[in-house]
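So the structure is just underneath, and the comments pick up after that.
Atoms within each ligand, like the ligands themselves, are counted from 1 in listed order. Basis for what follows: all heavy atoms, side chains included, without hydrogens, waters or symmetry-related copies.
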Amino acid sequence: MPAYALAREAYAALGVDPETALAMLAATPVSIHCWQGDDVRGFEGASELGGGLAATGSYPGKARNADELRGDLEQALALIPGRHRVNLHASYAETGGRKIERDALRIDHFRGWLDWAKAHGLDLDFNPTFFSHPLAAEGFTLSHPEANVRRFWIEHGRACRRIGAEFGAALGSPCVTNVWIPDGFKDLPIDRLAPRERLLAALDEIFAEPLDPAHVLDAVEPKLFGLGSESYVVGSHEFYLGYAITRRKVLCLDAGHFHPTENVADKLSSVLLYVPRLLLHVSRGVRWDSDHVVIFDDPTRAIFEEVVRGGWLDRVSIGLDYFDASINRIAAWVIGSRAAQKALLAALLEPTARLREYEINGNFTARLALLEELKTLPLGAVWDEFCRRTNVPVGFAWLDAVARYEREVLSRRP
Ligand code: RNT
Ligand code: ZN
């Protein structure tokens, strides 16, 4: 009997139908971040990556322009099962060689991306870029003490929101437009309040224009600390949790933005009591917010288990956020996307009702015993079946395609 038929029987014995899980998996897009393809460089000719972000490694072949980046994304997408979204940053605008300031960006500078997305059946998400820019060099943007610096970044945020709304309207799927700013102090601040008051006012200005939530969903992303903002981050968790609750915004939870021992999965059931929607930045911090490639590990699995157990797939947007320059960048996209999807599939294959019943009845012995047995059920056979049905390589074979692309395309980039 083929492996998938055996797997179906194994799951059926626990009251789980893998067909239902596969249908849910196919219907759940992952937003694939463009910035893994070029180490978060963008197309503005930035000499170094700002905002305390760091992509370490010097693997050859990174994309140098929009055509290369889109070509690389196409190769990655051909190896990732299902239908997905692509997540852009404002720094990936195509300005035809002319310098367009970030506060003057318009949908015209993203036509190339929009046409490409349409042609490939992809939806788009978006991010204003509040780093790698001279006006961010002092470490402050929306909370900068000078009004004219704040004004520039507010206008950038407003411009990006409109671009997001245009993406959403054109593609028929709301564009999650996510605000993350690097603002903070390396060393001990005296006034922790004033920068937060300024950020609050600036965000309210950015979001003042009424735009259709069917086209754009506003998200805000908190962080614990960054390189150069070790002592104080203006946009902390408490700041943005309060903001998202009072302004009815999407709260972004980046898995790397907490103390390394914090349980990010545990947060979902609390915050979803109060905020309308979550954006997940699926990432992997190793000792710090290092943005390693996502793998099928326990913290990632736990996050997806919570999403599925809570029935929140319709209130959670799933996006990837990592950047590793030490391995083939297309492989990095494929590994991380497939790992996130596997974690989601594993959660969808859980006999949750049964586990819940054990818990309600106080049968914690059976709860723990079954959770352990589930770990060695034939998840791999169901995953392979998904890849087969969606016409992407099954198993390790996908790496052959990446190796060929590296030989034929990446290795020719100086
Ligand atoms: C930074 C945030 C943010 C960025 C991207 C590039 O710590 O995680 O999401 O990684 O916007
Ligand atoms: Zn993030």
Side-chain angles (χ1 to χ4, degrees), residues 30-44 46 48-56 62-63 69 85-93 102 124-133 136 139 141-142 153 156-157 160 163-164 175-184 218-230 232-237 239-240 244 249-260 262 264 267 278-294 299-300 303 316-325 329 332-333 336 340:
V30 172
S31 190
I32 296 166
H33 56 316
C34 77
W35 52 91
Q36 165 60 62
D38 73 336
D39 314 340
V40 212
R41 275 298 137 115
F43 306 145
E44 296 175 329
E48 57 184 47
L49 180 54
L53 306 177
T56 55
K62 75 164 165 247
L69 189 55
R85 311 175 64 87
V86 168
N87 197 4
L88 299 175
H89 245 284
S91 52
Y92 292 80
R102 289 192 193 167
L124 293 174
D125 294 311
F126 199 47
N127 304 258
T129 309
F130 295 97
F131 52 83
S132 302
H133 188 278
T141 61
L142 292 176
W153 290 115
H156 176 56
C160 287
I163 293 165
C175 172
V176 180
T177 301
N178 178 52
V179 169
W180 172 75
I181 62 164
D183 301 28
D218 304 311
V220 289
E221 181 178 7
K223 185 164 176 168
L224 175 68
F225 83 96
L227 294 178
S229 64
E230 289 86 354
Y232 169 80
V233 166
V234 183
S236 62
H237 289 289
F239 177 90
Y240 279 122
K249 296 297 177 195
V250 180
L251 182 69
C252 173
L253 296 183
D254 183 309
H257 286 194
F258 298 87
H259 292 280
E262 248 175 294
V264 179
K267 299 171 190 304
L278 283 182
L279 165 63
L280 295 177
H281 269 190
V282 186
S283 190
R284 178 167 56 111
V286 177
R287 297 182 185 277
W288 69 290
D289 181 30
S290 59
D291 291 289
H292 278 64
V293 177
V294 167
T300 309
I303 289 170
V316 174
S317 297
I318 301 164
L320 303 175
D321 184 15
Y322 56 79
F323 22 99
D324 189 335
R329 294 171 184 81
W333 268 319

So which of [options] actually passes side chain to side chain contact (heavy atoms under 4.5 Å, CB included) with [X]?
X: V294; options: D321, V30, V282; value: V282
X: N127; options: N87, T177, V179; value: N87
X: L279; options: V220, V316, V176; value: V176
X: F130; options: H89, R102, H156; value: H156

Nearest 0.5 Å please: distance from the [atom1] atom of [X] over to the [atom2] atom of [Y].
X: S229; Y: L224; atom1: OG; atom2: CG; result: 9.0 Å
X: W333; Y: H33; atom1: CH2; atom2: NE2; result: 8.0 Å
X: L320; Y: D291; atom1: CG; atom2: CG; result: 11.5 Å

Of the listed options E221, K223, H257, closest to atom 9 (O) of ligand 1 (non-hydrogen atoms):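 Checking each option, the heavy atom nearest atom 9 (O) of ligand 1 is found in E221.
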Aromatic plane relationship, W288 with F225 - under 30° parallel, 30 to 60° tilted, over 60° perpendicular: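 Rings of F225 and W288: tilted, as their planes differ by 30° to 60°.
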At less than 4.0 angstrom from any non-hydrogen atom of [X], what atoms of ligand 1 do you find?
X: H281; answer: 9 (O)
X: D254; answer: 8 (O)
X: L53; answer: 1 (C), 7 (O)
X: D289; answer: 7 (O)
X: F323; answer: 10 (O)

Partner of K62 by salt bridge (charged side-chain N to carboxylate O under 4.0 Å, His left out), out of D324, D39, D38: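 Answer to the salt bridge (charged side-chain N to carboxylate O under 4.0 Å, His left out) test with K62 among D324, D39, D38: D39.
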Ligand 1 contact on D291 by region, counting heavy-atom pairs under 4.0 Å: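 The answer is neither; D291 stays 4.0 Å or more away.
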Distance below 2.8 Å from the Zn ion (ligand 2): protein N/O/S atoms: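 Under 2.8 Å from the Zn ion (ligand 2) - ignoring waters, which are not counted - the protein N, O or S atoms are E221 OE2, D254 OD2, H281 ND1, D321 OD2.
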Ring-ring centroid check F258 H237, cutoff 6.0 Å: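 Judged by ring-centre distance (under 6.0 Å), F258 and H237 do meet the cut-off.
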Atom 6 (C) of ligand 1: the protein heavy-atom neighbour that sits closest, reported with distance to 0.1 Å: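 Among all protein heavy atoms, the one nearest atom 6 (C) of ligand 1 is H89 NE2, 3.4 Å.
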Atom 4 (C) of ligand 1 - nearest protein heavy atom and its distance: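 The answer is D321 OD2, 3.5 Å.
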Contact check, H33 vs ligand 1, heavy-atom distance below 4.0 Å: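 Distance cut 4.0 Å: H33 fails for ligand 1.
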Closest heavy-atom pair and its distance - R287, P260: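 Looking at all heavy atoms of both residues, the shortest contact is O-CG, 3.6 Å.
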